[in-house]
Amino acid sequence: VFRFPDRDVYKLYPKATNYKSVLKTIDKDAKGKIEALLGRPLDPDETELTFYEIYKGKELIGMIHPHAERGEYGTIEVVWAFTLDGKIIDFTIQRDREKKGKELSGPEFRKQFAGKNIESPFVLEKTRQINAKLIKPVEGADQGSSAIAFGAKKTLAFYKFLFQEVK
């Protein structure tokens with residue numbers, strides 16, 4: 001769910017003039033590739049995903065994907081913004097119940113993701129645990145930090161295998 005598209009699109013892409021939603025279905029082939037890359041199965045409800053193509057006039061300039069992962073105190077809903085070649089620009093947290101939610105959505109944590117791509121080892125291999133050598137977790141929020149890092153990897157995997165026509 002993308003709760004605040006009219007606010008967040010223009011916050012994440014200040015030069016955007018419009019956006020459109022695109023529904024993608026994860027077929028058996030894509031599912032296998034995504035799960036192999038992640039080293040774990042997708043959630044049962046991850047069969048259809050909504051992405052948002054971001055435009056400046058008629059030019060496609062980026063993508064947004066809202067994605068939720070389980071944190072320590074419930075679901076963390078993250079809105080990922082990335083370039084057409086799959087590099088993270090930034091993210092916003094639209095909903096969470098984490099005790100350190102302010103820090104998880106703060107610039108110090110968020111800036112560590114900027115410029116990273118699908119090749120970046122966000123999490124330790126075949127786990128959902130954050131790779132602290134790449135991204136320093138928020139102190140006292142290892143599970144929330146890990147959920148966001150795994151969500152980054154998963155979002156970029158979705159993009160890689162579901163938007164091959166863009167690249």
Please lay out, stage by stage, how Leu42 and Lys31 fare under the test side-chain contact (heavy atoms from CB on, under 4.5 Å). CA-CA 8 Å; Leu42 292 177; Lys31 182 179 182 195; 4.0 Å; yes

Does atom NZ (Lys24) have a neighbourhood of more than 12 heavy atoms from anything else shown, all under 6.0 Å? yes

Around atom CZ of Arg7, are there more than 12 heavy atoms from other residues, nucleotides or ligands closer than 6.0 Å? yes

About how many Å separate [atom2] of [Y] and [atom1] of [X], when rounded to the nearest 0.5 Å?
X: Gln129; Y: Ser146; atom1: CD; atom2: OG; value: 5.5 Å
X: Phe150; Y: Phe122; atom1: CZ; atom2: CZ; value: 12.0 Å
X: Ile26; Y: Lys33; atom1: CD1; atom2: NZ; value: 13.0 Å
X: Met63; Y: Phe51; atom1: CE; atom2: CZ; value: 6.0 Å
X: Phe158; Y: Leu38; atom1: CZ; atom2: CG; value: 7.0 Å
X: Ile34; Y: Lys160; atom1: CD1; atom2: NZ; value: 10.5 Å

Pair Asp8-Tyr19, side-chain donor/acceptor within less than 3.5 Å: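 On atom types as modelled, these side chains do not qualify, holding no pair under 3.5 Å.
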
With a 4.5 Å heavy-atom cut-off, do [X] and [Y] have their side chains touching?
X: Tyr73; Y: Lys99; result: yes
X: Ile89; Y: Tyr13; result: yes
X: Ile61; Y: Lys56; result: yes
X: Glu46; Y: His67; result: yes
X: Ile54; Y: Tyr52; result: yes
X: Thr50; Y: Phe2; result: no
X: Glu53; Y: Phe163; result: yes
X: Asp96; Y: Glu77; result: no

I'd like to know if the side chain of [X] reaches the main chain of [Y], judged simply by a donor and an acceptor atom lying under 3.5 Å from each other, with no hydrogens or angles considered.
X: Glu98; Y: Ser145; answer: no
X: Tyr159; Y: Leu84; answer: yes
X: Lys153; Y: Ile118; answer: yes
X: Ser120; Y: Asn117; answer: yes

Where is the tightest heavy-atom contact between Leu134 and Pro121, given as atom of each residue plus distance?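 Scanning both residues, the minimum pair turns out to be CD2-O, 3.5 Å.
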
Ring centres of Phe113 and Trp80 under 6.0 Å apart?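 Here the rings of Trp80 and Phe113 have centres that are less than 6.0 Å from each other.
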
Apply the test salt bridge (charged side-chain N to carboxylate O under 4.0 Å, His left out) to residues Lys154 and Glu69: give CA-CA distance (whole Å), side-chain angles for both, the deciding distance (0.1 Å), then the verdict. CA-CA 10 Å; Lys154 192 184 273 190; Glu69 286 292 331; 3.1 Å; yes

Determine the sole option in Val78, Val138, Ile135 for which the side chain to side chain contact (heavy atoms under 4.5 Å, CB included) test with Ile148 is passed.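 With Ile148 as partner, Val78, Val138, Ile135 yield a single side chain to side chain contact (heavy atoms under 4.5 Å, CB included), made by Val78.
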
Against Thr127, only a single residue in Leu124, Ile130, Asn131 fulfils side chain to side chain contact (heavy atoms under 4.5 Å, CB included); can you say which?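 Of the listed options, the one satisfying the test is Leu124.
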
Start with the C-alpha distance between Phe82 and Thr155, add both sets of side-chain angles, then the distance that settles side-chain contact (heavy atoms from CB on, under 4.5 Å), and finish with yes or no. CA-CA 10 Å; Phe82 47 96; Thr155 289; 3.7 Å; yes

Evaluate Arg110 against Phe91 for side-chain contact (heavy atoms from CB on, under 4.5 Å), listing each step before the verdict. CA-CA 7 Å; Arg110 287 190 355 258; Phe91 70 86; 3.3 Å; yes

Hits for side-chain contact (heavy atoms from CB on, under 4.5 Å) against Glu48, two or more places apart or cross-chain, chain-then-number order -> Leu23, Thr25

Would you check, one step at a time, whether the test side-chain contact (heavy atoms from CB on, under 4.5 Å) holds for Glu103 with Phe109? CA-CA 7 Å; Glu103 292 88 343; Phe109 184 65; over 6 Å; no

